[in-house]
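Here the structure comes first, spelled out in structure tokens, and everything after it is commentary.
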Amino acid sequence: MALDSHTSSAVCYFYPGPHIVVTNTCIETPGGLFHLHDLVVTSIAHHYAHPARTVAMFCAAVELALAAPLAVIFGSALMILAGLVAAAGMGGAVVRDGHRNPRLMELRALHRGVPTILFSSANKTEFEQVRRAVIRAVEAGRRPLP
């Protein structure tokens, strides 16, 4: 009977997830098997799915900035109300877009000198669990200083 690496007592699982498995010796993803001694974790990247969110917030601020002085010049409370409604509409669209299109987070590393994306997710909780598991695995694999 062969010894299975997934049931061996020598293997310590830091994150046994469906998309990535982080152990004390390697990281297994659909893209391959990466041994920790060949891996250098380099960075975390956040990609915004839709940069239009920034433009929408800028437009809402401009609408408010234009509505206030024009309302004072023309003495119209309706102009302030129109500016507030337009800005609130933009703000609501940004919030809705944020819930529907979360940003993508990537954990990048160098594997034998080749840039590699170890894990990517739009779920912040899952991404942070994997990130911390990789950090713990790397720390566990280090040799203690003499």
Side-chain angles (χ1 to χ4, degrees), residues 1-71 78-146:
M1 182 166 148
L3 186 62
D4 185 11
S5 65
H6 293 289
T7 59
S8 173
S9 62
V11 175
C12 178
Y13 286 89
F14 292 104
Y15 188 83
H19 306 293
I20 185 170
V21 176
V22 180
T23 68
N24 60 338
T25 59
C26 64
I27 298 172
E28 186 176 352
T29 68
L33 182 68
F34 306 101
H35 293 282
L36 288 177
H37 57 82
D38 296 333
L39 196 67
V40 177
V41 178
T42 57
S43 65
I44 296 169
H46 297 279
H47 299 282
Y48 291 94
H50 298 284
R53 178 184 295 176
T54 305
V55 174
M57 289 302 288
F58 178 75
C59 289
V62 168
E63 287 171 359
L64 285 175
L66 288 176
L70 289 175
L78 286 176
M79 196 167 284
I80 289 178
L81 182 63
L84 287 174
V85 168
M90 281 288 189
V94 166
V95 169
R96 184 165 185 247
D97 181 60
H99 289 296
R100 294 184 68 202
N101 301 306
R103 62 184 178 186
L104 181 67
M105 296 161 282
E106 292 180 344
L107 183 60
R108 297 179 180 173
L110 289 175
H111 182 254
R112 296 181 181 164
V114 178
T116 306
I117 297 175
L118 289 177
F119 182 72
S120 65
S121 176
N123 183 340
K124 184 170 177 61
T125 303
E126 179 185 28
F127 180 80
E128 288 299 323
Q129 288 173 349
V130 170
R131 183 188 67 80
R132 185 64 191 136
V134 169
I135 290 170
R136 285 193 318 263
V138 169
E139 288 173 351
R142 284 190 190 144
R143 295 185 182 128
L145 296 175

Could you list the donor-acceptor pairs under 3.5 angstrom formed between side-chain atoms of residues 29-37 and any protein atom two or more places apart in sequence or on another chain?
from: Thr29; atom 1: OG1; to: Gly31; atom 2: N; distance (Å): 3.1
from: Thr29; atom 1: OG1; to: Gly32; atom 2: N; distance (Å): 3.3
from: Thr29; atom 1: OG1; to: Gly32; atom 2: O; distance (Å): 3.3

Side-chain donor-acceptor pairs under 3.5 Å in residues 16-24, sequence neighbours left out?
from: Thr23; atom 1: OG1; to: Thr25; atom 2: N; distance (Å): 3.3
from: Thr23; atom 1: OG1; to: Thr25; atom 2: OG1; distance (Å): 3.3
from: Thr23; atom 1: OG1; to: Cys26; atom 2: N; distance (Å): 3.1
from: Thr23; atom 1: OG1; to: Cys26; atom 2: O; distance (Å): 3.0
from: Asn24; atom 1: OD1; to: Cys12; atom 2: N; distance (Å): 3.2
from: Asn24; atom 1: ND2; to: Ala10; atom 2: O; distance (Å): 3.3

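- The CG atom of Leu110 lies 7.0 Å from the OG1 atom of Thr116; values are rounded to the nearest 0.5 Å.
- His111 NE2 to Asp38 CG: the interatomic distance, rounded to the nearest 0.5 Å, is 4.5 Å.
- Applying the side chain to side chain contact (heavy atoms under 4.5 Å, CB included) test to Ser43 and every residue at least two apart in sequence or in another chain returns Arg108.
- In this structure, the side chain to side chain donor-acceptor pair (under 3.5 Å) partners of Ser121, at least two apart in sequence or on a different chain, are Glu126.
- A salt bridge links Arg131 with Glu128: the distance from a Lys NZ or Arg NE/NH1/NH2 to an Asp or Glu carboxylate oxygen falls below 4.0 Å.
- The distance from the CZ atom of Arg132 to the OH atom of Tyr15 is 15.0 Å, given to the nearest 0.5 Å.
- Partners of Val85 according to the side chain to side chain contact (heavy atoms under 4.5 Å, CB included) rule, which considers only residues two or more places apart in sequence or in another chain, are Leu81.
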